[in-house]
2 protein chains.
Amino acid sequence: MIRTDIEMEKAAMILKLLGDKTRLTMMKLLENHDCCVCEFVEIFQASQPSISQHLRKLRDVGIVKEERRGQWIFYSINQNSEYFPFVQQVLLQLPEQEDKLKELEAKGTRVTCC
Amino acid sequence: MIRTDIEMEKAAMILKLLGDKTRLTMMKLLENHDCCVCEFVEIFQASQPSISQHLRKLRDVGIVKEERRGQWIFYSINQNSEYFPFVQQVLLQLPEQEDKLKELEAKGTRVTCC
DNA sequence: TGCATATATAAGTAAATCATTATATATTAA
DNA sequence: TTAATATATAATGATTTACTTATATATGCA
């Protein structure tokens, strides 16, 4: 029998990680677009270290990956993560966050940075 | 347009609540059976206050409800909660925990108490 | 090369979390 | 009514979390 289930301990760990508004919204945004750190800083109106620390947690468990593009580092969802199917199912329940990116574009902040 | 989406802030709050191995397993068990406090104490080999406090958190946001049956208080999933569909989708991803109840029955602890 | 920008990391701190111990309340049975 | 059982709650303390400030590193451009 193929086991697609996630173990309880791991599931709890992932849910705890997603149980933060900033990280959860990050993941929902990453569902459709790669984003760089400065975009998140702008979107969440948070300090850069705070954003970096959230991203590190997501990266440490492997549900996002990073990729340098010149000066910027882009984050994206790691579809190879063992947790990907689980995370994806959770994200599917959430409302789109496209408006947040639209705002960036309106302000011109999106283009400037990335 | 009918809004079935849960808001991000609420979603994060629920996920944080589920992001604990004990509470998550409780919810998964409750998916199929009502349980009383002493069963949880037995299953998790935890102290009674610890179990009660976890249950209180689940009750405070309304995803479980309690019902006294004589000496015992049984907990069950509150299907009327606005969060129920969201919670249910998460629980669906998790492995069954029936074996934990079977163990209780084997030990005779299930019958004794409830 | 030197400076600006983007990002990561380290250290410190306040608040939240989860267990424990102690105690209170409600029910049942003697 | 008294004792035992099941549960809740309060108070305390250790650990974790999520910020902040300060600093380090890497890239791109003048």
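To find a chain, count down the sequence lines: A is the first, B the second, and so on, and within it residues start at 1.
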inquiry  = If I take atom CG in residue Leu24(B) and atom P in nucleotide dC18(C), what distance separates them, rounded to the nearest angstrom?
reply    = 13 Å

message = Regarding Arg69(A), tell me which of base, sugar-phosphate or nothing describes its non-hydrogen contacts under 4.0 Å with the strands shown.
response = nothing

query = When you measure from the side chain of His54(B), which nucleotide among dA19(C), dT20(D), dC18(C) comes out closest?
reply = dA19(C)

key: Selected nucleotide, minimal atom distance to Gln71(A) side chain, candidates dT27(D), dT7(C), dA10(C)   = dT27(D)

note = On DNA chain D, more 5' by nearest nucleotide between Ser47(A) and Arg68(A) is Ser47(A)

query = Do any side-chain nitrogens or oxygens of Lys57(A) fall under 4.0 Å of OP1 or OP2 in dA18(D)?
reply = yes

task = Kindly indicate whether the side chain of Gln48(A) and the base of dA6(C) share any N or O donor-acceptor pair separated by less than 3.5 Å?
result = no

query = In whole angstrom, what separates Phe44(B)'s CZ from dC18(C)'s P?
reply = 14 Å

key: Straight-line distance of Leu94(A) CG to Met8(B) CE, nearest 0.5 Å   = 5.0 Å

query = Leu18(B) CG to dC18(C) P: how many Å, rounded?
reply = 12 Å

key: Among dT7(D), dA10(D), dA22(D), the one nearest Cys38(B) by side-chain distance   = dT7(D)

inquiry  = Quick check for you: to the nearest 0.5 Å, what is the distance between Met27(B) atom CE and Leu58(B) atom CG?
reply    = 6.0 Å

note = Of the listed dT7(D), dA18(D), dT9(C), the closest approach to the Ile73(B) side chain comes from dT7(D)

request  = Could you state the atom-to-atom distance from CG of Asp60(A) to P of dA8(C) in whole Å?
outcome  = 12 Å

key: Verdict with reasoning, Phe74(A) to Glu66(A), per side chain to side chain contact (heavy atoms under 4.5 Å, CB included)   = CA-CA 6 Å; Phe74(A) 278 75; Glu66(A) 54 170 15; over 6 Å; no

query = Is atom NZ of Lys21(A) surrounded by more than 12 heavy atoms (other residues, nucleotides or ligands) closer than 6.0 Å?
reply = no

Between dT27(C) (C1') and Trp72(B) (CH2): distance, integer Å = 10 Å

inquiry  = Please report the interatomic distance CG(Leu30(A)) to CG(Asn78(A)), rounded to the nearest 0.5 Å.
reply    = 11.5 Å

ask   = Under 3.5 Å, is there a donor-acceptor pair linking the side chains of Glu39(B) and His33(B)?
value = no

query = Just how far, in rounded Å, is P of dA19(C) from CD1 of Ile51(B)?
reply = 8 Å

note = Per atom distances to the Glu66(A) side chain, the nearest of dA8(C), dT20(C), dA8(D) is dA8(C)

ask   = Do the side-chain N or O atoms of Ser52(B) get closer than 4.0 angstrom to the phosphate oxygens (OP1, OP2) of dT7(D)?
value = no

Phosphate contact (dA6(C) OP1 or OP2) by Tyr75(A) side-chain N/O below 4.0 Å = no

remark   = Arg59(B) atom CZ is separated from dA8(D) atom P, nearest whole Å, by 6 Å

request  = Have a look at Phe40(B) and say if it touches a base, only the backbone sugar-phosphate, or nothing, with a 4.0 Å heavy-atom cut-off.
outcome  = nothing

query = Which of these nucleotides, dT20(D), dC18(C), dT17(D), is closest to any side-chain atom of Lys16(A)?
reply = dT17(D)

request  = Quickly work out the Gln53(B) CD to dT20(C) P distance and round it to whole Å.
outcome  = 10 Å

message = At 4.0 Å (heavy atoms only), tell me whether Lys21(B) reaches a base, stays on the sugar-phosphate, or touches nothing.
response = nothing

remark   = Winner on side-chain proximity to Arg56(B), out of dT9(D), dA11(C), dC18(C), is dT9(D)

